[in-house]
Participant: 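One structure follows; several queries about it will come next.
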Amino acid sequence: MESFGARLHRAVRERGPLCVGIDPHPALLARWGLADDVDGLRRFAATVVDALGDRVAVVKPQSAFFERFGSHGVAVLESTIRQLRERGALVLLDVKRGDIGSTVQAYASAYLDPSSPMHVDAITASPFLGVGSLAPMFELAAEHGGGVFVLALTSNPEGASVQRATTADGRTVAQTVIDEISQLNAGAEPLGSIGAVVGATVGETGCDLSAMNGPLLAPGLGAQGATAADLRVVFGSSLPAVLPSYSREVLGAGPDPEALRAAADRTVADCRAALKLS
Ligand SMILES: O=c1ccn([C@@H]2O[C@H](COP(=O)(O)O)[C@@H](O)[C@H]2O)c(=O)[nH]1
């Protein structure tokens with residue numbers, strides 16, 4: 001079975017280095033002329049699926065915007081995930097889960113077990129109960145070709161006070177997360193399946209990313225103020241592993257599918273140039 005790292009590597013080569021988020025904010029629903037209800041949510045997600053599902057390497061639904069509508073919203077999320085995968089996009093569910101290991105096992109089953117209705121290619125996870133507590137996710141991901149993106153240096157300004165704090169051995173919290181991921185990815189080719197989330201807004205990371213051997217998801221581009229040009233400052237020699245992630249910046253071009261496609265194409269071109277990919 002092909003690993004998530006290998007599938008991601010291929011998807012980026014074929015479709016370009018871009019992850020587009022599905023974040024149906026109330027303001028975006030209004031801008032698209034949709035009601036702030038389950039029907040509006042369904043139409044919004046369907047438009048993104050039809051416009052970008054066969055074009056973009058990775059699509060990242062933000063679970064919160066679906067959960068907002070309870071079980072009906074979750075049903076829309078399930079069908080959105082299914083449709084995106086049918087169109088060949090890798091689905092990264094942004095759900096930022098984390099808990100004690102025995103509960104993480106249940107989250108892992110929910111998202112990374114192929115028999116689950118919510119099965120996706122990868123999820124985001126929070127390491128603040130210890131990276132080791134996420135082991136059930138790492139294990140199920142390895143078993144079924146899935147991936148996990150662990151928060152390391154998040155794009156929001158509040159994250160630094162925790163993530164840049166120094167631990168007893170002198171490393172920052174973010175560096176300890178990176179180091180534990182690096183161990184999990186050691187020896188994987190062409191790329192490990194455990195990624196880190198490092199915001200494009202964070203400036204110099206102060207972290208050594210050189211041993212990561214896994215994907216670096218970079219949110220914070222566009223609406224949060226970072227530009228593709230900032231990626232060089234943040235990631236330096238690790239640029240080839242970066243997966244730039246945009247939500248509102250691309251979604252703002254909708255609801256016209258052609259305009260959404262054009263926005264995604266422009267963004268891929270910017271990212272290719274910034275990452276120096278041909
Ligand atoms: O550090 C992080 C981790 C996750 N996110 C998520 O990405 C999108 C960003 O949306 P934009 O519209 O491009 O700002 C959103 O779903 C966040 O929850 C992040 O921003 N930063």
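Excluded from the calculations below are hydrogen atoms, water molecules and symmetry mates; all remaining heavy atoms, backbone and side chain alike, are included. What you see is a predicted model, and the numbers here were worked out from it, not measured in a lab. Each ligand, and each atom within it, is numbered from 1 in the order the structure gives.
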Participant: Could you list all the salt bridge (charged side-chain N to carboxylate O under 4.0 Å, His left out) pairs where at least one residue sits in residues 2-17, not counting sequence neighbours?
Facilitator: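 Sorted pair list: Glu2-Arg10, Arg7-Asp121.
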Participant: Tabulated below should be the N or O atoms of ligand 1 paired with protein N or O atoms at under 3.5 Å; can you produce that?
Facilitator:
| unit_1 | atom_1 | unit_2 | atom_2 | d |
| --- | --- | --- | --- | --- |
| ligand 1 | 1 (O) | Ser155 | N | 2.9 |
| ligand 1 | 7 (O) | Lys60 | NZ | 3.1 |
| ligand 1 | 10 (O) | Ser247 | OG | 3.3 |
| ligand 1 | 12 (O) | Arg248 | N | 2.9 |
| ligand 1 | 12 (O) | Arg248 | NE | 2.7 |
| ligand 1 | 13 (O) | Ser247 | N | 3.0 |
| ligand 1 | 14 (O) | Gln224 | NE2 | 2.8 |
| ligand 1 | 14 (O) | Arg248 | NH2 | 2.8 |
| ligand 1 | 16 (O) | Asp23 | OD2 | 2.5 |
| ligand 1 | 16 (O) | Gln62 | NE2 | 2.9 |
| ligand 1 | 18 (O) | Gln62 | NE2 | 3.0 |
| ligand 1 | 18 (O) | Lys96 | NZ | 3.4 |
| ligand 1 | 20 (O) | Ser155 | OG | 3.4 |
| ligand 1 | 20 (O) | Gln224 | NE2 | 2.8 |
| ligand 1 | 21 (N) | Ser155 | OG | 2.7 |

Participant: What residues form a ring-ring contact (aromatic ring centres under 6.0 Å, His included) with His25, not counting sequence neighbours?
Facilitator: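 Partners of His25 by the ring-ring contact (aromatic ring centres under 6.0 Å, His included) criterion, ordered by chain and then number, come out as Phe65.
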Participant: Which of these, Glu78, Arg85, His144, sits in a side chain to side chain donor-acceptor pair (under 3.5 Å) with His119?
Facilitator: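 By the side chain to side chain donor-acceptor pair (under 3.5 Å) criterion, His119 pairs with just one of Glu78, Arg85, His144: Arg85.
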Participant: Please answer: with hydrophobic residues joined when any side-chain heavy atoms are less than 4.5 Å apart, are Val197 and Phe138 in the same cluster?
Facilitator: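 The answer is no; the residues belong to distinct hydrophobic clusters.
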Participant: Which pairs of donor and acceptor atoms, one on a side chain in residues 236-246, lie under 3.5 Å apart (sequence neighbours left out)?
Facilitator:
none

Participant: So, does Gln83 use its side chain to make a donor-acceptor pair with the main chain of Val49 at under 3.5 Å?
Facilitator: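 Here the side-chain-to-backbone pair does not exist.
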